[in-house]
Chemist: 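Let me give you the structure first, and then I'll get to my questions.
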Amino acid sequence: MMRKILSGILVVSALFLGRIASSTAQDIPNNTPRTSLALAHGAHRLGKRTDPMMERWRNYGLGQFIHWGVYAIPGGQWNGASYGGAAEWIRSWKGMPKEAYDNLYKEFDPENYDPSALAKQAKEMGAKYMIITTKHHDGFCLWPSEYTDYDVTNTPYGKDIIGPLVEAYDAEGIDVYLYFSVMDWNHPGYRSVLATEEDRSAYESFKEFTRNQLLELLERYPTTKGLWFDGTWDEAWKEQAEFADNLATEMRKKIPGLIIGSRFRPDDYGNRHFDSNGDLMGDYEQGWERKLPETYEDTNGNDWDCVMTIPENQWGYHSDWRGHVKTSYELIEMLVKSVSLDGNFVLNFGPDAKGDIRMEEKKLATEIGQWMSKNKSAIYNCGHIDWEKQDWGYYTQNRVTGEVNMVVFNKPINSVLRIKTSSKISLQKIYDLNDATKIYDPEEISQDEYIIQLGDEELAEPKVIVIKYDHSKGETKGYEKAKT
Ligand code: FHN
């Protein structure tokens with residue numbers, strides 16, 4: 001109880017103290033007394049990682065997620081009834097007997113699984129990295145694991161899924177990240193809460209199993225760039241600050257530079273994502289699932305990714321998508337907004353039991369890819385610029401050239417696009433990314449404020465206008481403020 005109260009107080013104070021992390025990284029050795037609270041297993045760094053692997057991560061822009069496992073076999077249906085939740089959670093539905101679910105692996109035989117076709121499709125879409133579920137909450141492993149029989153080797157398919165996939169994506173130059181659910185409904189030692197001594201001792205075997213599996217994955221697939229953790233919200237796991245911290249160190253020894261987000265380890269008080277001082281734990285924030293930050297302030301200046309489903313909430317294959325299915329322009333807008341706020345956007349795909357990607361997903365991947373092929377320079381290597389957001393769309397800035405992209409989603413009825421910079425600059429050239437002969441003449445209308453005219457141009461799709469500028473002050477006109 002005391003711990004809960006203390007942790008609550010700390011979380012509140014974190015809002016005041018912690019979110020002032022500077023953007024330059026500083027190493028904090030374990031046990032260093034902090035201005036606020038000394039934590040043995042809190043954040044070990046303030047600010048962003050600045051090494052080349054993390055720079056590469058930061059510049060991806062677009063990623064692909066794949067959720068695949070035995071849940072693709074029922075595809076959200078059991079005995080003629082349709083499960084209303086996310087397909088990969090069907091085991092927890094009272095309509096489906098656990099025993100039936102736990103025997104599904106005996107039917108897992110994805111004869112159409114073609115990792116190079118998947119990798120090619122991801123490449124065409126413009127993905128620079130991908131995340132694959134090696135093991136979801138049900139505990140079924142898509143790789144041959146020495147530590148459980150509940151894996152792909154004991155299915156009719158009988159072969160490793162992960163190895164060929166890593167190879168195929170590596171061959172396309174797409175970086176691979178491994179999703180791993182700590183929560184594991186299949187392991188006998190797994191507990192969500194440690195209520196008794198028996199629970200604690202069972203959980204020790206589960207921890208050892210988790211460690212073994214993670215090290216096994218990194219040994220088997222050494223080109224892995226990072227781990228994407230999930231299922232770490234249990235009370236039992238929240239008590240494992242020291243274990244998780246040591247394991248993270250061990251994993252980083254196996255693959256130096258390994259990227260691990262904020263979902264992995266809890267701190268000394270069981271806080272996740274942000275430690276009790278409010279500092280981000282892990283290399284980037286993993287809290288943006290099926291939602292996006294509204295403003296740059298919402299990101300606290302951290303690296304982050306957004307993982308997104310195409311329908312409202314389906315990750316694994318569900319044959320009966322209900323509700324709103326996002327269109328390619330909605331997804332492109334989310335992608336652009338993510339980049340404009342310094343994040344990566346990761347779009348999920350759920351292959352069916354045979355290993356096929358459904359038509360709706362293929363179509364969206366193609367449409368996004370068509371847009372990306374023309375406009376990728378507004379996405380890759382781009383991030384946030386602190387110019388005032390306008391209703392026509394989003395700015396992204398190339399981190400190398402400094403060029404600014406206006407990604408226009410809405411054409412105003414008056415055809416006027418407003419640009420308000422954060423300081424006096426000198427505009428050099430404003431032009432259409434896909435037709436450099438189309439030059440826009442900015443008209444200065446106020447201090448650091450300009451307009452350009454779109455004229456009769458129709459917006460057939462989100463359009464990119466490039467702004468080249470330099471920091472020379474130029475001539476300052478004396479705009480008079482209204483005396484009100
Ligand atoms: O419960 C899972 C869900 O099934 C899916 O894997 C998503 C992906 O981010 N993560 C979990 C909830 O956070």
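Since the structure is predicted, the reported quantities are computational estimates derived from the model, not experimental observations. As the structure lists them, so they are numbered: ligands from 1, and atoms in each ligand from 1.
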Chemist: Report the residue from Ile259, Leu227, Thr224 that forms a side-chain contact (heavy atoms from CB on, under 4.5 Å) with Tyr177.
Modeler: Ile259
Chemist: When you check ligand 1 against the protein, what N or O pairs turn up below 3.5 Å? List the atom names and distances, or just say none.
Modeler:
| residue | atom | partner | partner atom | Å |
| --- | --- | --- | --- | --- |
| ligand 1 | 1 (O) | Trp89 | NE1 | 2.9 |
| ligand 1 | 1 (O) | His137 | NE2 | 2.7 |
| ligand 1 | 4 (O) | Glu88 | OE2 | 2.6 |
| ligand 1 | 4 (O) | Trp89 | NE1 | 3.2 |
| ligand 1 | 4 (O) | His136 | NE2 | 3.2 |
| ligand 1 | 6 (O) | His67 | NE2 | 2.7 |
| ligand 1 | 6 (O) | His136 | NE2 | 2.7 |
| ligand 1 | 6 (O) | Tyr179 | OH | 3.4 |
| ligand 1 | 6 (O) | Asp230 | OD2 | 3.3 |
| ligand 1 | 9 (O) | Glu289 | OE1 | 2.8 |
| ligand 1 | 10 (N) | Asp230 | OD2 | 2.5 |
| ligand 1 | 10 (N) | Glu289 | OE1 | 3.4 |
| ligand 1 | 13 (O) | Arg263 | NH1 | 3.2 |
| ligand 1 | 13 (O) | Glu289 | OE1 | 2.7 |
| ligand 1 | 13 (O) | Glu289 | OE2 | 3.2 |

Chemist: Which residues pass the ring-ring contact (aromatic ring centres under 6.0 Å, His included) test with Trp93, not counting sequence neighbours?
Modeler: Tyr83
Chemist: Looking at Asp102 and Arg91, is there a salt bridge between them, counting it only when a charged N and a carboxylate O are closer than 4.0 Å?
Modeler: yes
Chemist: With a 4.0 Å cut-off on N to O distance, would you call Arg358 and Glu361 a salt bridge?
Modeler: no
Chemist: With sequence neighbours left out, write down each residue that passes salt bridge (Lys or Arg N to Asp or Glu O under 4.0 Å) with Asp160, or none if nothing qualifies.
Modeler: Arg220
Chemist: I need the full list of salt bridge (charged side-chain N to carboxylate O under 4.0 Å, His left out) pairs touching residues 132-146, with sequence neighbours left out, sorted by first then second residue.
Modeler: Lys135-Asp184
